[in-house]
Amino acid sequence: MPLLQFDTTLSLAADEKTTFAERVTELYTREMATTAGHVAVTIRERTDAEMHLGRGVDGPLLFLDAQIRRGRSHERKRAFALGTMEYAGDAFDVPDPNMKVVFTEHPGEAMMGVDRVGGEWTEK
């Protein structure tokens, strides 16, 4: 179960959050070669005082902490990160310098729900 946690200074309406989560899930499934049913997305709005970026420019900030199962190539992760940032930039006018993505990889067994424990990911 990937857990895609967004922190942002954007103020988004409920429908914008839903659309954002759906689009990010679509990007994740395509770029990471998986299905959507287990992708979890959180969107946390923060005040300007709660988020800082040394090289940031005027405009909203958007940070993604992507907790994923290990095994994806650098190219897959980069494609997902770039696609997500391009979408956020276009949809919400977030300047490129104000977006950051960090991947943390876990063994499959460390990712679980009530009904299952994840396995290792392999390229098919």
Side-chain angles (χ1 to χ4, degrees):
M1 171 187 85
L3 176 56
L4 309 176
Q5 302 177 98
F6 291 88
D7 287 284
T8 184
T9 58
L10 289 166
S11 180
L12 301 175
D15 63 326
E16 290 175 311
K17 288 179 183 178
T18 298
T19 299
F20 183 77
E22 289 170 350
R23 179 68 177 128
V24 167
T25 298
E26 177 186 310
L27 287 164
Y28 189 86
T29 59
R30 183 179 68 232
E31 299 299 345
M32 299 299 220
T34 191
T35 58
H38 60 287
V39 178
V41 178
T42 64
I43 303 165
R44 299 178 289 217
E45 292 182 13
R46 307 289 188 182
T47 67
D48 290 343
E50 293 175 297
M51 293 182 68
H52 302 275
L53 182 58
R55 294 184 185 177
V57 298
D58 285 339
L61 299 173
L62 180 75
F63 303 160
L64 167 57
D65 179 7
Q67 303 284 328
I68 67 170
R69 186 169 34 164
R70 69 180 172 202
R72 280 10 183 255
S73 67
H74 169 76
E75 292 76 21
R76 283 192 181 278
K77 291 182 282 189
R78 184 69 175 152
F80 170 67
L82 289 175
T84 299
M85 289 186 283
E86 180 181 7
Y87 168 67
D90 291 345
F92 304 111
D93 295 321
V94 180
D96 287 351
N98 290 3
M99 292 183 279
K100 300 294 178 194
V101 177
V102 174
F103 289 95
T104 304
E105 297 182 78
H106 303 276
E109 66 185 21
M111 307 196 84
M112 60 186 79
V114 171
D115 60 337
R116 63 177 255 184
V117 174
E120 294 304 309
W121 186 87
T122 56
E123 186 87 31
K124 294 183 180 172

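Under the salt bridge (charged side-chain N to carboxylate O under 4.0 Å, His left out) criterion, Arg23 pairs with Glu26, sequence neighbours left out. With sequence neighbours left out, the salt bridge (charged side-chain N to carboxylate O under 4.0 Å, His left out) criterion links Glu22 to no other residue. By the salt bridge (charged side-chain N to carboxylate O under 4.0 Å, His left out) test, Arg78 is found to be paired with no residue, residues two or more places apart in sequence or in another chain being considered.
With contacts defined as side-chain heavy-atom distances shorter than 4.5 Å, the pair Leu53/Lys100 qualifies. In this structure, the side chains of Thr42 and Leu4 stay at 4.5 Å or more apart for every pair of heavy atoms. The shortest distance between side-chain heavy atoms of Glu50 and Thr47 falls below 4.5 Å. Between Val101 and Phe103 the shortest side-chain heavy-atom distance falls below 4.5 Å. For the pair Ile43/Val41, a side-chain contact is recorded, criterion being any heavy-atom separation below 4.5 Å from C-beta on.
If you take CG on Asn98 and CG on Asp93, they are separated by 11.5 Å, rounding to the nearest 0.5 Å. One distance of note links OG1 of Thr104 with CD of Gln5; it measures 9.0 Å at 0.5 Å rounding. Atom CZ of Phe92 is separated from atom CZ of Phe20 by 6.5 Å, given to the nearest 0.5 angstrom.
For the ring pair (Phe, Tyr, Trp, His ring centres under 6.0 Å) condition, the pairs that include at least one residue of residues 25-50, sequence neighbours left out, are Tyr28-Phe80. Note on residues 35-48: pairs passing salt bridge (charged side-chain N to carboxylate O under 4.0 Å, His left out), not counting sequence neighbours, are Asp7-Arg44, Asp7-Arg46, Lys17-Glu45.
The only member of Leu10, Thr9, Thr8 that meets side chain to side chain contact (heavy atoms under 4.5 Å, CB included) when paired with Val94 is Leu10.
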- Message: Using the rule given for side-chain contact (heavy atoms from CB on, under 4.5 Å), can you reason through Thr25 versus Arg30, listing the C-alpha separation, both sets of side-chain angles and the distance that settles it, and then say yes or no?
- Response: CA-CA 9 Å; Thr25 298; Arg30 183 179 68 232; over 6 Å; no
| said: side-chain contact (heavy atoms from CB on, under 4.5 Å), that's the test. Do Thr19 and Glu16 meet it? Break it down for me. | reply: CA-CA 5 Å; Thr19 299; Glu16 290 175 311; 5.7 Å; no
Under 3.5 Å donor-acceptor pairs involving side-chain atoms of residues 55-65, not counting sequence neighbours:
residue : atom : partner : partner atom : Å
Asp65   : OD1  : Gln67   : NE2          : 3.0
Asp65   : OD2  : Gln67   : NE2          : 3.2

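With salt bridges taken as basic N to acidic carboxylate O contacts below 4.0 Å, one links Glu105 and Lys77.
Phe6 and Leu3 end up in different hydrophobic clusters when Ile, Leu, Val, Met, Phe, Trp and Tyr side chains are linked at under 4.5 Å. Both Met32 and Met85 are part of a single hydrophobic cluster, where members link through side-chain heavy atoms under 4.5 Å apart.
Residue Ala33 comes nearest to Arg76 through the heavy atom pair CB-NH1, 3.6 Å, listed as atom of the first residue, atom of the second, then distance. Here the shortest heavy-atom pairing between Met99 and Ala88 reads SD-CB, 3.8 Å.
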